[in-house]
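Every value quoted in this text rests on a predicted model; they were computed, and no experiment measured them.
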Amino acid sequence: RVRVNALRGFESLSLRQPFLIKTSLGKEMPVTQKPEDFYCPPEDACTPIIALDKKEFDGWSKNADKTDAAQAASQGFTGAEGDLAYITGPNGDLTAVLFGLGAVDRAAKLGGLAAKLPEGNYEFEATLSQDETAQAALYWATGQYRFGRYLKKPGKPPRRLKLSSSLDGKRTHTLVQSIFLVRDLINTPPNDMGPDKLAAAAEIIAKEFSASLTVIVGDDLLKQNLPAIHAVGRAAEVAPRLIDMTWGNASDPKVTLVGKGVTFDTGGLDLKSPAGMLLMKKDMGGGALVLGLARVIMAMALPIRLRVLIPAVENSVAGNAYRPSDIIPTRKGISVEIGNTDAEGRVVLCDALALGDEEKPDLMLDFATLTGAAMVALGSDLGALFANDDKLAQGLLKGGEVTGDPLWRLPLWQPYREALKSEPADLNNMANTTYGGAITAALYLEHFVETAKAWAHMDVYCWRTAAKPGRPKGAEAHSLLATFSYLENRFGR
């Protein structure tokens, strides 16, 4: 293995602060906004946001100051979902905000109010469950996320929230910063986010938490028996690499996270259309996700022995690009016929999964923007979950429910393995049918998982096609909250 200095182009003023990246424009900008910018100290004066339904509003109107009730009525506030009214004092100062909460997606809508309110400090007055309180606090910050690194003018100042005393402030801040990290990595354009820069981000996070990091680059992938990663990435100007980070006590349960790190996907020789290529900067979303998730795990000191594996490549076109009908070796010894060079994610993942599997981890999870079929089946909000263990699947689904980060389980339907057969090789990277594409992709990956005690694969979109309350358009850390909730419940102290 070759240890490399992956910090070229990056500088860090403080490893406990958001790291800096020097962009192609020559500017150095924070990779993450600071969570503390969105939350105010408990001693600060705050304007209450009084969340009400119609019945609760009737009770509030009867007991409120007559002037306040008249102001609400004059603004047409009835407690209906989405109603908003501003209550001011004698001097015109804002003294309260009334909000019609409704019954659906309550936490996101409450947290998403930050985008509508005037600058200031606020606190929630609402009847919420503990899970909803935590979600609303997260949405308050994540809904104000802006990717402004390349903009000349800064955005508007953040609105700040007083966290409920029932919440763990460190946990909230850690989750926000990690979500911002994932979004920023995905949003960064490919000229500033190649395999080397993704490795640089991993190195900075590793240094922040004293984790061990090894990066295997270029032809050293062949020497270390990672030929599939090399085959996909060898045509790019920036060499392919495997990012391998470990942290924690060796005696603790082994948890391995594998993330697809295709920093840009042209489709290779099976070239994508211009429209199909437009969002391919997000094809490293799985790699960004595992870095963000690892950061939460380490910051919250979960008692696990963590390993993170990211095959980082750019799928490019050149004279040495891998070709349709090539037969390539893999780490596990399974030969793979290339049916389509645009099905490259599963090819790089198979070497990383095989490597992780050799340790016989207690749990192995992989994350990838793997198939359009998953989005066709589930849309852009739901991540597709595949698991070879029912208890694991149920735990991840529950994590999605309590955090508002939903997953939907699809089957590892074994009869569909037939579609991956190849005559000249052990396996084809492309199924011989256009149906069930997310399932056949998961089944391909399953060939490379043998000794891990439990494994799950998440086929996630990592992008929001339209803004929703608390969830802006653009890059998204799909499945991070669901997965951390599961890991915290299973392995937390």
Side-chain angles (χ1 to χ4, degrees), residues 33 35-146 153-167 172 176 404 464 466-473:
Q33 295 163 293
E36 55 266 32
D37 290 342
F38 301 94
Y39 302 110
C40 55
E43 64 271 14
D44 282 12
C46 296
T47 301
I49 298 173
I50 304 171
L52 306 162
D53 59 24
K54 288 188 175 182
K55 184 177 180 181
E56 290 169 331
F57 175 61
D58 289 341
W60 179 89
S61 297
K62 293 175 183 177
N63 297 314
D65 180 270
K66 291 183 179 180
T67 302
D68 292 350
Q71 287 188 65
S74 70
Q75 295 174 64
F77 190 92
T78 65
E81 182 174 333
D83 277 2
L84 188 63
Y86 298 99
I87 308 301
T88 58
N91 297 325
D93 297 332
L94 185 63
T95 59
V97 176
L98 302 185
F99 179 60
L101 188 55
V104 179
D105 211 13
R106 288 155 45 99
K109 289 172 181 173
L110 187 56
L113 265 182
K116 301 179 180 179
L117 298 175
E119 185 179 353
N121 295 345
Y122 297 89
E123 61 182 328
F124 294 141
E125 288 189 11
T127 304
L128 300 172
S129 68
Q130 182 66 12
D131 289 337
E132 286 178 322
T133 300
Q135 287 177 44
L138 280 175
Y139 283 127
W140 183 270
T142 61
Q144 295 185 77
Y145 167 85
R146 296 294 180 269
K153 295 182 180 180
K156 64 182 182 180
R159 282 65 179 138
R160 304 203 304 167
L161 179 73
K162 182 184 291 186
L163 290 175
S164 167
S165 60
S166 65
L167 295 180
T172 302
V176 169
R464 292 200 179 274
K468 293 184 178 181
R471 295 162 286 196
K473 181 180 178 181

Donor-acceptor under 3.5 Å (D83 side chain, T78 main chain)
yes
Any side-chain to backbone donor/acceptor pair from D65 onto T67? Under 3.5 Å, distance only.
yes
**Prompt:** Just by modelled atom types, is the A115 backbone N or O under 3.5 Å from a matching donor or acceptor in the K156 side chain?
**Reply:** yes
Separation between CZ (F99) and CG (L117), nearest 0.5 Å, reads 9.5 Å
Requested in this report: Decide yes or no on side-chain contact (heavy atoms from CB on, under 4.5 Å) for L98 and F57, but give the supporting numbers first.
Outcome: CA-CA 9 Å; L98 302 185; F57 175 61; 4.3 Å; yes
In terms of heavy-atom contacts, N121 and D44 come closest through ND2-OD2, 3.6 Å
Treating K55 as the side-chain partner and G79 as the backbone partner, does any N or O pair qualify as donor plus acceptor under 3.5 Å?
no
Value for CZ (R106) from OG1 (T127), rounded to nearest 0.5 Å, stands at 7.5 Å
Spell out, as yes or no, whether a donor-acceptor pair under 3.5 Å connects the side chain of Q75 to the backbone of A72. no
message = Could you tell me if the side chain of C40 sits less than 4.5 Å from the side chain of L161, heavy atoms only?
response = no
**Asked** Taking the six-membered ring for Trp, is the centroid-to-centroid distance between F124 and W140 below 6.0 Å?
**Response** yes
Does E132 use its side chain to pair, donor to acceptor, with the backbone of A108 at less than 3.5 Å? no
The reported gap from CZ in F77 to CH2 in W60 (rounded to nearest 0.5 angstrom) is 8.0 Å
Looking only at heavy atoms, the pair that brings P41 and R160 closest together is CD-NH2, 4.0 Å
Under the 3.5 angstrom rule, does the side chain of T95 hit a backbone N or O of I87 as a donor-acceptor pair?
yes
d(L52 CG, D58 CG) to nearest 0.5 Å is 10.0 Å
d(L128 CG, T133 OG1) to nearest 0.5 Å is 4.5 Å
Looking at K66, I'd like to know if its NZ atom is crowded, meaning that more than 12 non-hydrogen atoms belonging to other residues, nucleotides or ligands lie closer than 6.0 Å. no
All heavy atoms of A141 vs all of Y39, minimum pair found to be CB-OH, 3.4 Å
Can any side-chain N or O of K162 pair as donor or acceptor with the backbone N or O of P42 at less than 3.5 Å?
yes
* To do: Using the side-chain contact (heavy atoms from CB on, under 4.5 Å) rule, take V176 and L138 through it: C-alpha gap first, then chi angles, then the decisive distance, then the call.
  => CA-CA 6 Å; V176 169; L138 280 175; 3.6 Å; yes
Between P48 and E125, the two heavy atoms sitting closest are CB-OE2, 3.4 Å
What one should report as the nearest heavy-atom pair of P472 and T142 is CD-O, 3.4 Å
Under the criterion side-chain contact (heavy atoms from CB on, under 4.5 Å), I'd like the reasoning laid out for L110 against Y139: C-alpha separation, chi angles, the key distance, then a yes or no.
CA-CA 8 Å; L110 187 56; Y139 283 127; over 6 Å; no
In terms of heavy-atom contacts, L101 and E81 come closest through O-CG, 4.0 Å
Worksheet item: Is D105 salt-bridged to K468, cutoff N-O under 4.0 Å?
Response: no
Main-chain N/O of R159 paired with Q144 side-chain donor or acceptor, under 3.5 Å: yes
**Request:** Could you tell me whether the side chain of T88 reaches within less than 4.5 Å of the side chain of D93, counting heavy atoms only?
**Result:** no
So OG of S61 and CG of D68: to nearest 0.5 Å the spacing works out to 10.5 Å
*For residues T47 and E123, is any side-chain donor paired with an opposing acceptor at under 3.5 Å?*
no
